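Below: the structure, in structure tokens.
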Protein chains: 2
Amino acid sequence: MNAAPPLPVPAQPAPRMTRQRAAVVEALDGLDDFRSAQQLHEELRTRGDSVGLATVYRTLQALAEAREVDVLRNDEGESLYRRCTRREHHHHLVCRVCGRTVEIDGPTVEAWAAKVGAAQGFSDIDHTVELWGTCADCRA
Amino acid sequence: MNAAPPLPVPAQPAPRMTRQRAAVVEALDGLDDFRSAQQLHEELRTRGDSVGLATVYRTLQALAEAREVDVLRNDEGESLYRRCTRREHHHHLVCRVCGRTVEIDGPTVEAWAAKVGAAQGFSDIDHTVELWGTCADCRA
DNA sequence: GTCAATTTGACAATCATTCTCATCGCGGCT
DNA sequence: AGCCGCGATGAGAATGATTGTCAAATTGAC
Ligand SMILES: [Zn+2]
Ligand SMILES: [Zn+2]
Ligand SMILES: [Zn+2]
Ligand SMILES: [Zn+2]
């Protein structure tokens, strides 16, 4: 049996390493909760690693597509990004007050979602699951 | 034991009944899947019950706050509205192709969400759960 | 180094949603 | 039925996040 053909699924050409991309990734690594593109842009400017706003948006999109960062939408519809610890599929529990984020593993929901979807005759089931709450430190 | 005090939680003054509000509700009743404010506005114009776009937005917001309609965000961030059958808390399974929607009851997730949140020391746990898939009629 | 292909960034353009404010009409009262 | 106060309406302007444009700057392979 020969080796598998070269690269059946190269998908994207692998992005170039630029100062800007490195700065965005570094900033994300330094933060611990979800941030918007605008906030990241500001953060970078403060650090002195200034990057154009459009570039911040493009970089975050690329990182998201490459599954390097997670994305979620706040209640105002803005996209928030975060570099998570685990790269596998997971969910989040976010403090609606301070933004503190906990990565959640949900074998229970995973199974539930697949089961319910199948029961209705749907295929390629995908799901959106996010948890919001007030963390211990933010109690009144 | 006396009757409970008059109205401890009147909240909102109850909106006035206007031709516009009635038209929006009627249109929603006639539809079966989630629609955006813009789509509703167009639908109304087609029906001849033309209503100003701003009014459509305001009415949908009010209906949503009154829990008369359900809201969810599509992947582009637009708000979609739907008049659901059950008024109690529930979730949805939406066909990503044709929009066909099924109301889902999820005692399993409800419990899971509360449990996970508490385990992390969070309180007032709230959750976002939506399922997406391809319905039987939309298979290739 | 050289050079083609990418990437960047200042700025314009989109586009859903919200705001403004003069006008309209619902509904409680007589 | 007529009166009236105030919420509701709508045309258009304003907002604000995100995307598009395109010339100039960089990257990475040879
Ligand atoms: Zn907190
Ligand atoms: Zn999951
Ligand atoms: Zn379908
Ligand atoms: Zn639920």
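None of these values were measured; they are calculated from a predicted model.
Through side-chain heavy atoms spaced under 4.5 Å, either directly or across other Ile, Leu, Val, Met, Phe, Trp or Tyr residues, B:Tyr57 is tied to B:Leu53.
Listed by first and then second residue, the salt bridge (Lys or Arg N to Asp or Glu O under 4.0 Å) pairs involving residues 96-105 of chain A are A:Arg82-A:Glu103, A:Arg86-A:Glu103, A:Arg86-A:Asp105 (not counting sequence neighbours). Within the structure, salt bridge (Lys or Arg N to Asp or Glu O under 4.0 Å) contacts touching residues 106-130 of chain A (residues at least two apart or in different chains) do not occur. Counting only residues at least two apart or on different chains, the salt bridge (Lys or Arg N to Asp or Glu O under 4.0 Å) pairs with a member in residues 39-55 of chain A are A:Glu42-A:Arg45, A:Glu43-A:Arg47. Applying the salt bridge (Lys or Arg N to Asp or Glu O under 4.0 Å) test to residues at least two apart or on different chains, the pairs with a partner in residues 22-31 of chain B are B:Asp29-B:Arg83.
Contacts with DNA chain C (heavy atom under 4.0 Å) in residues 32-56 of chain A: A:Val51, A:Gly52, A:Ala54, A:Thr55, listed by number. Proximity of residues 73-81 of chain B to DNA chain C (heavy atom under 4.0 angstrom from any strand atom) is restricted to B:Glu78, B:Ser79.
Put simply, CZ on A:Arg19 and OG1 on A:Thr55 are 9.0 Å apart, with the number rounded to the nearest 0.5 Å. In this structure, B:Ile125 CD1 and A:Trp132 CH2 are separated by 12.0 Å, a value rounded to the nearest 0.5 Å.
D:dT9 atom P lies 12 Å from atom CD of B:Gln61, rounded to whole Å. Nucleotide D:dG7 holds its P atom 17 Å from the CE atom of B:Met17, rounded to whole Å. Between B:Arg21 atom CZ and D:dT9 atom P the separation is 7 Å, expressed in whole Å.
Side-chain N/O atoms of A:Gln20 include none lying less than 4.0 angstrom from OP1 or OP2 on C:dT7. B:Tyr57 has a side-chain polar atom (N or O) that falls below the 4.0 Å cut-off from OP1 or OP2 of C:dT17.
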Enumerate all atom pairs, one protein N or O and one N or O from nucleotides 3-6 of chain D, separated by less than 3.5 Å.
unit_1	atom_1	unit_2	atom_2	d
D:dG5	N2	B:Arg16	NH2	3.2
D:dC6	O2	B:Arg16	NH1	3.4
D:dC6	O2	B:Arg16	NH2	3.1

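Judged by distance alone, the side chain of A:His41 and the main-chain N or O of A:Gly52 form no donor-acceptor pair under 3.5 Å.
Not counting sequence neighbours, B:Thr46 has no partner by the side-chain hydrogen bond (donor to acceptor under 3.5 Å, both in side chains) test. Shown here are the side-chain hydrogen bond (donor to acceptor under 3.5 Å, both in side chains) partners of A:Asp137, two or more places apart in sequence or in another chain: there are none. The side-chain hydrogen bond (donor to acceptor under 3.5 Å, both in side chains) check on B:Arg16 picks up nothing, with sequence neighbours excluded.
Between the axis at the start and the axis at the end of the helix from C:dG1-D:dC30 to C:dT30-D:dA1 there is an angle of 40°, using five pairs per end and rounding to 10 degrees.
At a cut-off of 3.5 Å, with distance as the only test, no side-chain donor of A:His91 or B:His127 sits close to an acceptor on the other residue. Between the side chains of B:Arg73 and B:Ser79, at least one donor N or O lies within less than 3.5 Å of an accepting N or O.
Looking at heavy-atom distances under 4.0 Å, B:Arg58 makes contact with a base.
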